[in-house]
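Below is one structure, written out as structure tokens; comments come after it.
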Number of protein chains: 2
Amino acid sequence: MAAPARRPTIKDVARAAQVSYQTVSRAINDKPEIDPDTKRRVLEVAEQLGYRPSRHARALVKPRPSTLGLAVPDLTNPFFPEVIAGVIDSAAAHGWQVNVVSGGPAAEAELLRSFAAEVDALVGYFNHLDRAPEGLDIPVVLLDAEVRVPRCGAVAVNVDAGVRAGVQHLLDRGHRRLGMIDCSTSCDRYQRRKSFQQALADHGIALPADAVVESEQSVPGAERATHRLLDSHPETTAVFAFNDLTAVGVVRAAHARGLRVPQDCAVLGFDGLMLGELITPPLTTLHIDKRRLGALAVGEVERLLAGEREPAPVELTPELVIRESA
Amino acid sequence: MAAPARRPTIKDVARAAQVSYQTVSRAINDKPEIDPDTKRRVLEVAEQLGYRPSRHARALVKPRPSTLGLAVPDLTNPFFPEVIAGVIDSAAAHGWQVNVVSGGPAAEAELLRSFAAEVDALVGYFNHLDRAPEGLDIPVVLLDAEVRVPRCGAVAVNVDAGVRAGVQHLLDRGHRRLGMIDCSTSCDRYQRRKSFQQALADHGIALPADAVVESEQSVPGAERATHRLLDSHPETTAVFAFNDLTAVGVVRAAHARGLRVPQDCAVLGFDGLMLGELITPPLTTLHIDKRRLGALAVGEVERLLAGEREPAPVELTPELVIRESA
DNA sequence: CTGAAAGCGCTAACAA
DNA sequence: TTGTTAGCGCTTTCAG
């Protein structure tokens with residue numbers, strides 16, 4: 001009968017090397033109290049047997065966090081991969097792995113339950129959660145959360161500051177008839193809209209209610225929304241888009257209507273994606289340092305793991321990058 | 001003295017519920033041999049205590065693969081997030097988590113060692129590995145691997161077929177003076193170049209050696225490379241780009257030289273990124289179903305896990321998508 | 001239906 | 001320097 005394809009354990013190594021299995025443990029863990037020769041021999045045998053310690057057995061004995069769960073709504077939106085990269089890089093510095101899940105709202109509830117069971121901490125966008133993921137005793141860091149959740153870390157983008165900087169820029173350029181393409185799918189539901197309305201109000205600029213139009217968070221969705229906006233408000237000279245992805249849609253719709261960007265219709269994005277630099281005209285946008293966002297989230301995980309109860313929410317302020325679209 | 005913040009274990013639940021801890025096990029594992037009432041009560045207590053079973057202890061007792069490692073070279077390249085999405089989705093169907101690592105070649109060797117220790121299978125792009133990752137007894141699936149590696153699964157893109165379809169298209173459009181922007185960073189090092197040269201040779205079209213120019217895999221890199229190409233070969237009427245990212249660079253460089261695309265200089269991409277649809281003019285490209293690529297890779301993992309030794313390499317053929325750039 | 005006992009692979013005491 | 005003994009949290013026999 002053939003030997004079972006079972007992975008070799010520490011005991012197999014011990015047997016093969018003619019030592020007790022604790023000695024093997026010492027060898028592979030680089031402990032001082034072991035004879036160099038024995039160690040070398042043990043290591044050799046281990047190598048030869050293809051031995052690799054079981055992470056589960058190890059984790060059982062010395063429990064320390066090893067895996068971080070990261071939930072993003074949509075890998076297709078170029079915003080998120082950069083956040084992921086930021087998380088992965090900083091997590092690596094702590095020796096943590098990153099488990100990524102990506103799923104729409106539907107997946108969220110169910111997914112999260114099983115997912116969370118497998119990680120030592122959780123960071124992510126939880127759009128449709130009014131409160132913290134329930135029954136989790138692991139640290140949770142919310143990204144762009146609309147509300148503060150007790151016992152959860154949070155890193156947010158200072159949308160208000162960003163929107164105000166954008167509005168200021170548009171006003172500086174002489175625009176008075178503004179419109180907005182907004183999306184409701186984000187965690188900071190309507191934050192951009194509220195800030196936009198408030199900023200204009202503060203400047204005494206009128207904004208018809210239907211000059212803010214709702215859109216899917218996609219290029220074609222934004223194109224349709226823009227047509228609706230410009231149909232009802234052809235006098236619009238500048239459009240504030242929910243993000244760069246939708247801004248691209250706005251530009252396309254404007255072009256389709258024979259409008260020049262920015263002369264006839266200025267377009268302002270949000271996010272600062274590479275994509276925005278590449279289209280014609282290059283997008284003026286409120287740039288967010290997405291990698292840093294990810295890194296900050298990991299920082300919060302660290303604090304939570306260290307026992308901090310209610311870390312103050314961390315904020316990232318977008319920076320106006322003026323290119324050609326506005 | 002305050003209670004330690006230790007996570008409740010199965011024993012804590014047992015104590016609280018006044019049963020033995022095996023009974024708790026039965027309850028949480030939905031075993032038949034348990035009184036419904038007891039079960040409900042136990043579950044209640046567990047819930048209330050915030051009990052969650054330890055994945056490590058579980059995995060120790062019933063060893064079954066739970067985590068899949070996924071290595072991609074660059075999260076910033078929009079190609080990879082889609083592959084990741086494909087992997088995550090199919091992995092989820094198996095109840096597997098996905099650990100993502102992203103790292104350049106530098107990270108690769110060292111990273112991989114520690115990374116691989118934590119996963120039950122590995123799929124990814126291993127650019128600079130001539131042979132399979134060593135000393136891994138876990139299943140490995142290579143993406144776009146240049147060479148077959150014993151005992152490893154592989155899913156590859158049929159670059160040759162793609163390139164030939166692209167070349168055919170260019171020739172059909174009447175182009176005879178072709179150039180290529182190639183990158184060396186990929187796993188299928190020089191595969192595109194070789195196919196390109198061969199395809200042209202098969203059609204009896206001359207291709208000067210320096211009409212294939214090497215580029216960084218980035219937009220600005222491709223811009224520079226294109227200028228070099230067009231400086232030495234101003235007669236070029238069509239450029240085959242390594243991928244869509246570089247194709248964007250080619251288009252920009254052409255525009256910068258006052259060339260119209262495609263009239264003065266046609267540009268053909270590879271990959272089929274959303275980005276390509278969004279730029280001006282929209283890119284004609286060889287579209288790869290990236291999600292499917294990821295899904296296929298998971299399929300190979302499954303086979304390897306099932307004990308198959310040398311699965312035949314799986315191939316995906318790019319599809320020509322004709323838009324406006326060529 | 002429920003409890004007791006063994007053991008998964010490993011590390012950390014403690015002895016020798 | 002090495003081996004012995006526990007025990008991490010859990011599932012699975014096997015008795016009761």
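Proteins come first, then strands; the chains are lettered A, B, ... in the order of their sequence lines, and each starts at number 1.
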Measure from [atom1] on [X] to [atom2] on [N] and round the result to the nearest Å.
X: B:K11; N: D:dT11; atom1: NZ; atom2: C1'; answer: 13 Å
X: A:K62; N: D:dG9; atom1: NZ; atom2: P; answer: 16 Å
X: A:E118; N: D:dC10; atom1: CD; atom2: C1'; answer: 14 Å
X: B:I10; N: D:dG9; atom1: CD1; atom2: P; answer: 11 Å
X: B:R15; N: D:dC10; atom1: CZ; atom2: C1'; answer: 15 Å
X: B:N29; N: C:dT2; atom1: CG; atom2: P; answer: 15 Å
X: B:L60; N: D:dC10; atom1: CG; atom2: P; answer: 12 Å
X: A:R58; N: C:dC8; atom1: CZ; atom2: P; answer: 18 Å

At less than 4.0 Å, is any side-chain N or O atom of [X] found next to OP1 or OP2 of [N]? Yes or no.
X: A:Y51; N: C:dC10; result: yes
X: A:S20; N: D:dT2; result: no
X: B:T23; N: C:dG3; result: yes
X: A:R26; N: C:dT11; result: no
X: A:T38; N: D:dT2; result: yes

Legend entry - Sugar-phosphate, base or nothing in reach of A:K31, heavy atoms under 4.0 Å: sugar-phosphate
Inset, instruction - Would you classify B:P63 as touching base, sugar-phosphate or nothing, given that sugar-phosphate means primed atoms plus P, OP1 and OP2, and contacts are heavy atoms under 4.0 Å? - result: nothing
Inset, instruction - Determine the minimum heavy-atom distance between B:Y51 and B:I10, stating which atoms define it. - result: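 Closest heavy-atom pair between B:Y51 and B:I10: CE1-N, 3.4 Å.
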Inset, instruction - Specify the closest pair of heavy atoms between B:E302 and B:W96, including all atoms of both residues, with the distance to one decimal. - result: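 Shortest heavy-atom separation between B:E302 and B:W96 comes out as CA-CH2, 4.2 Å.
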Legend entry - Check ion pair B:K39-B:D30 (N to O, under 4.0 angstrom): yes
Legend entry - Sidechain-backbone polar pair: A:N77 side chain, A:F80 backbone, donor-acceptor under 3.5 Å: no
Inset, instruction - Rounded to the nearest 0.5 Å, what's the gap from CG on B:L60 to CZ on B:R58? Could you check? - result: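 If we round to the nearest 0.5 Å, B:L60:CG and B:R58:CZ are 13.0 Å apart.
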Legend entry - First encountered from the 5' end of DNA chain C, between B:P32 and B:V61: B:P32
Inset, instruction - Select one nucleotide: of C:dT11, D:dC10, C:dT2, the one nearest the side-chain heavy atoms of A:Y21. - result: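 Given the options C:dT11, D:dC10, C:dT2, the side chain of A:Y21 is closest to C:dT11.
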Inset, instruction - Check whether the side chain of B:Q22 and the base of D:dT13 form a donor-acceptor pair under 3.5 Å. - result: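 Checked by distance alone, the answer is no.
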Inset, instruction - Kindly indicate whether the side chain of B:R7 and the base of D:dG9 share any N or O donor-acceptor pair separated by less than 3.5 Å? - result: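 Per atom types, no contact qualifies.
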